[in-house]
Number of protein chains: 2
Amino acid sequence: MKRATSHQVATLANVSRTTVSFVLNNVPGMGISDETRERVLAAARQLGYVPNAMALSLASGATQTIGLLMPHDDQVHANVDAYIPRFLTGVTLTCQASGYKVLFEPLNHAAPAGACLNLVDSGRIDGLIALNPRQADFSYLNDAAGNGFPLIVFGSNLTGHDNVHSIDADNRDAARRATEHLLALGHRRIAHIAFAHDDYPIVRERLLGFRDAMQAADLEVDPAWVSYGNYSAQSGAESMRAILARSSGVTALFAGNDTIAFGAMAALRDAGLSIPDDMAIVGYDDIPLAAYAAPPLTTMRTEPFTEGSEAAAMLLRIMAGESSARAHVKAIVPLVVRRSCGASPT
Amino acid sequence: MKRATSHQVATLANVSRTTVSFVLNNVPGMGISDETRERVLAAARQLGYVPNAMALSLASGATQTIGLLMPHDDQVHANVDAYIPRFLTGVTLTCQASGYKVLFEPLNHAAPAGACLNLVDSGRIDGLIALNPRQADFSYLNDAAGNGFPLIVFGSNLTGHDNVHSIDADNRDAARRATEHLLALGHRRIAHIAFAHDDYPIVRERLLGFRDAMQAADLEVDPAWVSYGNYSAQSGAESMRAILARSSGVTALFAGNDTIAFGAMAALRDAGLSIPDDMAIVGYDDIPLAAYAAPPLTTMRTEPFTEGSEAAAMLLRIMAGESSARAHVKAIVPLVVRRSCGASPT
DNA sequence: TTGTAAGCGTTATCAT
DNA sequence: ATGATAACGCTTACAA
């Protein structure tokens, strides 16, 4: 793999490396003769010259690359989760449009701080987006931000870290509204299956919102009604079966996400139960397949692609030195009503 | 964002930069005194020293980064496709285990050659995995490989490009077997909905396999039976409705992928048709949700995570200078029978 | 056992 | 209008 250097271009064009740089970067006010410019351009073309990105980064101090940090447990997460890939796409396309590359960094329990720190400290990236970081990740993220490193935290509305720019959906509020939808339909015994362990702030938020709604309706939530999945539809099915087995008399389910909901629905069908007659269901995320569930799933709509784009756009802005004040954006999460909860309020 | 340099470490430890480098890299046979080593290590720790990756790359000629190239059309593809994210995860985790980062590069129709070429020519990456490249992408991929650039092509078994290492599933054979499953069940009028336009070799292969099976059974395939989707469940539903509207009397569907199948199933349910009684369906991919469809979807099982891991492992091996001969691996695609085609052969 | 110096490919500041 | 030269942070012969 031989690559041409600016030196070779200079030699071929009979000029100095400086001139090559001036021509190729269109440096203004340098009064390069048209003749010279042509010669340099021709030489570059002939040699297939492309500037070396590493040398450029070293000299300029910028890598034109950002990092995307995301949680990742045991293959399951990024493997099965439907939100992340779309977020990633949003981030990537937005960055691409501005000439930035994105470095993808799944973060598992095993290597908590190391990977990220290294990414930042080794000067490999100019900015970082952390998607749904856990509590444990937050201390060094906050440090990095404190040192002036451009950082966007997406999806964990932790307080007391005013250094970091953040974008959030109000998961708690959305979960409350999801539950209220069920309540308004007349349901009183409502189950919740969290989509993961609750050391992720996001799952805790949804659980909290669920409880908020129940409490506001003066309803006790029986511990037998809540269960924890692990992102997969399978865990949703198992949780549903467990809840059914406890014969807790629940008539509705607020699923922590749509994948969980799909699993629960399958378990219900297998048990010969009807949706929504025996069990009304609302999900969360509005994954592309949600509208194609049987029956079509009522769910809270998130916009991963848009959110990824916005996170990237915000990061780009910060890196460009605009927007000095710490921003804390809240996204809106609408309820989209389909058929999994039946027709209208009782 | 201030970062410590090896120079500062050297100063603090009262040694030269060379010594710092020797100590930190554990260069053997250099006989560094334990006392000195300790002092250097302490200084590095105290300063939070992390070597600058760009400088390191420039000096060593290696970036410890690979690129992942993938097709991408109009948001739809990476946004809705269920295969890619899992492949990506497999690639990333395998690379991570070897200390490699991965640069994610979606490639859309608009910027065909540019993005990839630049990635390679700018020396930003040490190797490249191209996932399902289109015919058009192949010429420069082949060039890069010809220049000795480590490259794995996954999923487009193009011939006449012996420079490139490739991994493939035999899509044509798999599609044939999927169709044969339907045939064995007694179906004669079988529809196919391709999951994308057929300038992707992979969708052409599946179409070809479908035709192979039909032809082997001495069956004509009516043009009214085949339709083209665009990755989305929605396009699957539309295609299904179109096929139904042509009242072509088909009794079975081989869907180009599972997402398409989900859409088709929804359209069927809406039309009051029963699966599998009115329409038997086999999909392709075995996405995580396939087993949770209503009814559970019979489909061809791909293993995106494993395939991604293997592609990465192979690339890593090539970059390490092992395996000189061009490898062309074929993966196996088993049929997994669930309930969307009914019980047993007629 | 440790230090000096050259080189990796750029850009940028000066002279000329 | 163009060309030396230094600087970016590191590795690695080679010297001492």
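Proteins get letters first, then strands, A, B, ... in listed order; numbering begins at 1 in each.
With a cutoff of under 4.0 Å to any heavy atom of chain B, the contacted region of DNA chain C is bounded 5' to 3' by dT1(C) to dG9(C). In the 5' to 3' direction, nucleotides of DNA chain D lying under 4.0 Å from heavy atoms of chain A begin and end at dA1(D) to dG9(D).
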- prompt: Where do Thr36(A) and Ser33(A) land on the side chain to side chain donor-acceptor pair (under 3.5 Å) test, with the steps shown first?
  reply: CA-CA 5 Å; Thr36(A) 307; Ser33(A) 73; 2.6 Å; yes
task: List the steps and the verdict of side chain to side chain donor-acceptor pair (under 3.5 Å) for Ser16(A) and Thr19(A).
output: CA-CA 5 Å; Ser16(A) 73; Thr19(A) 306; 3.3 Å; yes
field: Derivation of the side chain to side chain donor-acceptor pair (under 3.5 Å) call for Ser309(A) and Thr306(A)
entry: CA-CA 5 Å; Ser309(A) 300; Thr306(A) 306; 6.0 Å; no
message: The test is side chain to side chain contact (heavy atoms under 4.5 Å, CB included); show your working for Glu105(B) and Leu119(B) and say whether it passes.
response: CA-CA 9 Å; Glu105(B) 188 82 0; Leu119(B) 212 56; 4.2 Å; yes
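A heavy-atom distance below 4.0 Å to DNA chain C is reached by these residues of residues 43-55 of chain A, ordered by number: Tyr49(A), Val50(A), Pro51(A), Asn52(A), Ala55(A).
Looking at heavy atoms from C-beta onward, Leu103(B) lies out of side-chain contact with Phe104(A) at the 4.5 angstrom threshold. At a threshold of 4.5 Å between non-hydrogen side-chain atoms, the residues Tyr100(A) and Leu315(A) do not count as touching. When side chains are defined from C-beta on, His328(B) does not count as touching Asp168(B), because their heavy atoms never get closer than 4.5 Å.
Remark: of the listed residues Ile152(B), Leu141(B), Ile66(B), Leu141(B) is the sole one forming a side chain to side chain contact (heavy atoms under 4.5 Å, CB included) with Leu128(B).
Interatomic distance, Ile125(A) CD1 to Met319(A) CE, rounded to the nearest 0.5 Å: 9.5 Å. Residue Phe305(A) holds its CZ atom at 9.0 Å from OG1 of Thr92(A), rounded to the nearest 0.5 Å. The line from CZ of Arg124(B) to OG1 of Thr63(B) is 10.0 Å long, rounded to the nearest 0.5 Å.
Taking the nucleotide of DNA chain D with the nearest heavy atom to each of Thr18(B) and Ser33(A), the more 5' of the two is matched to Ser33(A). Positionally, the nearest nucleotide of DNA chain C for Thr5(A) lies more toward the 5' end than for the other of Phe22(A) and Thr5(A).
Using a 4.0 Å heavy-atom distance criterion, Val27(B) is classed as making no nucleic acid contact. Looking at heavy-atom distances under 4.0 Å, Thr36(B) makes contact with sugar-phosphate atoms alone, never a base. Residue Leu58(A) is classed as a base contact, given a heavy-atom separation below 4.0 Å to a base.
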